Amino acid sequence: MRLLFEKSIPGRKSAYLPPCDVPQAELPEALRRKIPLGLPELSEGDVARHYSALEMRTFGVNDGFYPLGSCTMKYNPAINETVAALPGFADIHPLAGDRHTQGMLEAIHLAERYFCELSGMDAMSFQPSAGAQGELLGMMLIKKYHEDRGDAARRNVFIPDSAHGTNPATVGMCGWKVVNLPSNAEGRIDVEKLRALAGPETAGIMLTNPNTLGIFEKDVVEVTKIVHEAGGLCYYDGANLNPIAGVAKPGEMGFDCVHLNLHKTFSTPHGGGGPGSGPVGCKAFLAQYLPGLRPQKIAGGYEARATRAARSLHLFHGNALVYLRALVYVATLGADGLLEMSSQATLNANYLMKRLRERFEIVNKGRCMHEFVITMEKEAKKGVSAKDMAKAFLDNGMMAPTMYFPLIVKEALMVEPTETEGKETLDEVADTFIRLYDALLADPESARDYPRNTVIGRPDEVEAARNPRLRYLG
C-alpha cells in the first residue's frame with residue numbers, strides 16, 4: 001500500500017478557501033520556515049480512500065473474535081459512544097467554570113459513587129490517563145502515607161512472579177525494591193513464603209486477583225492481613241476485575257487502594273495509544289493524598305474541590321469522555337447486569353478451556369476465571385511453537401491469543417474469550433484451535449509459513465525492533 005506522500009500530486013488540494021476579508025498579519029522573518037512544510041498534496045477523495053483502505057487492513061473486536069488474554073478485548077456498546085458525543089459533554093471547554101459544567105460534574109460524582117461501590121473504596125480520582133499511570137498514583141499514595149508517618153525504612157514491595165510487567169516498573173519508579181513472590185504448585189501466592197519475608201521494611205504488596213493465570217487467589221484475605229500486620233499497605237491491580245465485578249470487592253479483600261482498567265472491565269476503547277483512563281480508588285485514610293479536583297455535592301449543585309494534596313497528575317478532570325463511557329456501561333447494566341457480565345465471562349472461559357483440553361496442555365488444573373493459559377512447551381520441542389500457533393490463527397478471521405505471557409509459563413498462549421461471545425463462536429474457535437493443532441503437528445515445517453492470507457506475512461521482528469523505519473525518506 002502506497003503512503004500519502006507517494007500518492008501526492010503537486011498542486012492538488014482538498015479545500016479552496018475564499019479570499020481573506022481581514023488584514024493579513026505576517027510572521028517575523030526569524031519565525032518563518034526556511035524550507036517548505038513537505039505535506040502531501042491530495043484531493044479529499046484521495047484522503048478518504050486512503051484511510052478507508054487503512055481501516056480494511058486492521059482487525060478489531062468489531063471484525064471478529066479477539067481472545068487477547070490479559071487485555072479483555074470486549075465489545076464496546078454503541079450507546080457509550082452516543083452519550084459521550086452529546087454536545088453538553090463533548091463540547092465543554094476545559095476552562096469553563098463549575099457553573100457552566102454542572103452536568104459533567106454530576107456525571108463525575110456519580111461515576112465516583114458507582115466505582116467506589118464496585119471496588120469497595122471510599123474515594124476516587126479520575127485523573128490517571130491509563131492503568132499504568134493509575135498504578136503509579138496508587139503506589140505514590142502508599143509512599144506518601146509512609147513518609148507522613150516517618151516510615152522511611154519501608155522500601156520493599158511484594159510482587160508475584162506472575163504479575164504484569166508494569167508492576168515492578170512502577171515500584172522502581174517510586175524508588176522502592178521489588179521482592180518477588182513465587183507461585184506455589186497451584187499457581188497462587190505461596191502464603192508461607194510471604195509470611196517469612198514480611199517485616200519492618202515492608203512497604204506494601206501489588207496484587208492482581210484473579211491473577212494472570214486466570215486463577216483466583218483464594219488466600220487473598222490472609223495475604224493482605226500478613227502485609228497489614230507487617231505495617232505495609234495493599235494495592236490491587238484492577239487489570240482482572242472483569243470476572244468478579246459485582247461479585248467481590250477488592251476493598252473487602254483487604255486492599256487499601258486500587259486502579260481500574262476501564263477498557264478491560266467497563267468497555268471503553270482499547271489500544272491505539274489512548275486516550276485512556278485508569279481511575280484510582282482508595283480507603284478514606286488515603287483520600288487526602290488524591291490529586292486534582294473532585295466534584296462534591298453542595299446546595300443547589302456540584303463544586304469541584306481540591307484535596308489536601310493540591311497537586312495534579314493530569315490537567316483538569318482527566319480524560320472525561322473515556323470514563324463517561326464506562327459510567328454509561330455501568331448504568332446500563334445495573335447491579336444484575338454486572339453480575340451476569342462477570343458470570344458469563346467466567347462461564348465462557350471455562351467452556352472454551354474444557355473444549356481445548358482435547359489437545360492442549362492447560363496450565364489451570366481446575367476451573368479458571370476469565371482467562372486461562374496454554375503451554376506449548378512439548379509441542380515446541382516437536383517444531384511447533386506458541387508463536388506458530390498464534391500466526392496460523394490469523395488466517396482464520398480471528399485475532400491470536402496473547403503470546404508468551406505470563407513469563408512463568410514456557411511457550412504460553414493466554415486465552416480470554418470475554419462475555420460478549422456466544423456459544424456458536426466459542427465452538428467455532430475451539431474447532432479452529434484443534435484443526436490447526438492437528439495440521440501443524442502433522443507437518444511442523446509448514447508452521448513457519450503462517451500467516452498466508454493476511455496483508456503482510458511474518459515480519460522479521462528482530463530486525464524491525466533493532467532497525468525501525470520510522471519516517472518516509474522519499
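Predicted, not measured: the structure shown is a model, and the values here were computed from it. Index from 1, following the sequence. When reading the values below, keep in mind they use all heavy atoms of this one structure, side chains included, and skip hydrogens, waters and symmetry mates.
When atom types are taken as modelled, the side chain of N348 and the backbone of E421 share a donor-acceptor pair closer than 3.5 angstrom. Of the possible polar contacts, one joining the Q102 side chain to the D98 backbone as a donor-acceptor pair under 3.5 Å is found. In this structure, E135 contributes its side chain and T170 its backbone to no donor-acceptor pair below 3.5 Å. Formation of a donor-acceptor pair under 3.5 Å by the T224 side chain with backbone atoms of M253 is found in this model. Checked by atom type and distance alone, the side chain of K13 never pairs as donor or acceptor with a backbone atom of L42 at under 3.5 Å. The backbone N or O of C282 sits nowhere less than 3.5 Å from a side-chain atom of D256 that would complete a donor-acceptor pair. Judged by distance alone, with hydrogens and angles left aside, the side-chain atoms of R305 form no donor-acceptor pair with the main-chain N or O of Q296 at under 3.5 Å. For K34 (side chain) and R32 (main-chain N/O), a donor-acceptor pair under 3.5 Å exists by modelled atom type. Judged by distance alone, the side chain of K264 and the main-chain N or O of S70 form a donor-acceptor pair under 3.5 Å.
Side-chain atoms of V429 and P417, non-hydrogen and from C-beta on, never get closer than 4.5 Å to each other. Side chains of I159 and L181 form no contact here, defined as non-hydrogen atoms less than 4.5 Å apart. Contact check for F316 versus L95: side-chain heavy atoms found under the 4.5 Å cut-off. Contact of the L241 side chain with the P250 side chain is registered, since non-hydrogen atoms from C-beta on lie closer than 4.5 Å. Taking 4.5 Å as the limit, some side-chain heavy atom of P269 sits within range of a side-chain heavy atom of R325. Looking only at side-chain heavy atoms (C-beta outward), T212 and V373 stay at 4.5 Å or farther from each other. When side chains are defined from C-beta on, M341 counts as touching N242, because their heavy atoms get closer than 4.5 Å. Side-chain contact between N261 and N240: absent, with no pair of heavy atoms (C-beta onward) separated by less than 4.5 Å.
Between the side chains of H50 and K7, at least one donor-acceptor pair of N or O atoms lies under 3.5 Å. S267 and N80 form a side-chain donor-acceptor contact under 3.5 Å, judged by distance and modelled atom types alone. Between the side chains of S14 and E44, no donor-acceptor pair is found at a separation under 3.5 Å. Neither side chain, Y145 nor D151, offers a donor N or O lying under 3.5 Å from an acceptor on the other. Defined by atom type and a distance below 3.5 Å, a donor-acceptor pair is missing between the side-chain atoms of N209 and E217.
Taking CG from L426 and CG from L347, the interatomic distance works out to 8.5 Å, rounded to the nearest 0.5 Å. Note that the OG atom of S183 and the CD1 atom of I408 stand 4.0 Å from one another [nearest 0.5 Å]. The structure places CD1 of I205 at 6.5 Å from SG of C234, a figure rounded to the nearest 0.5 Å. Atom CG of N76 and atom OH of Y329 lie 9.0 Å apart (nearest 0.5 Å).
Between H317 and Y323, the distance from one ring center to the other does not fall under 6.0 angstrom.
Using a 4.0 Å cut-off between a side-chain N of Lys or Arg and a carboxylate O of Asp or Glu, E117 and K249 qualify as a salt bridge. A salt bridge links R12 to D46: at least one charged side-chain nitrogen sits closer than 4.0 Å to a carboxylate oxygen.
When each of H263, H270, E419, E416 is checked for a side chain to side chain donor-acceptor pair (under 3.5 Å) with K74, only E419 meets the rule. A side chain to side chain contact (heavy atoms under 4.5 Å, CB included) with M206 holds for exactly one of V157, D237, T166; it is V157.
Between F266 and F115, the ring-plane angle classifies as perpendicular under the 30° and 60° cut-offs. Relative ring orientation between Y235 and H259 is described as parallel, the plane-to-plane angle staying below 30° on a 0-90° scale split at 30° and 60°.
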Applying side-chain contact (heavy atoms from CB on, under 4.5 Å), run through F393 and M399 and close with a yes or a no.
-> CA-CA 7 Å; F393 219 63; M399 179 53 68; over 6 Å; no
Report the C-alpha separation of H314 and F126 in whole Å, then their side-chain angles, then the decisive distance to 0.1 Å, and conclude whether the ring pair (Phe, Tyr, Trp, His ring centres under 6.0 Å) test is met.
-> CA-CA 9 Å; H314 187 293; F126 289 91; over 10 Å; no
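Closest non-hydrogen pair, M369 versus I215, comes out as CG-C, 4.4 Å.
Residue E222 qualifies as enclosed at atom CD: its count of foreign heavy atoms under 6.0 Å is above 12. In L3, the CG atom is crowded: over 12 heavy atoms of neighbouring residues, nucleotides or ligands sit closer than 6.0 Å. For R469, the CZ atom sits in a loose shell: 12 or fewer heavy atoms of surrounding residues, nucleotides or ligands are nearer than 6.0 Å. The neighbour count for E6 CD, taken as heavy atoms of other residues, nucleotides or ligands under 6.0 Å away, is above 12.
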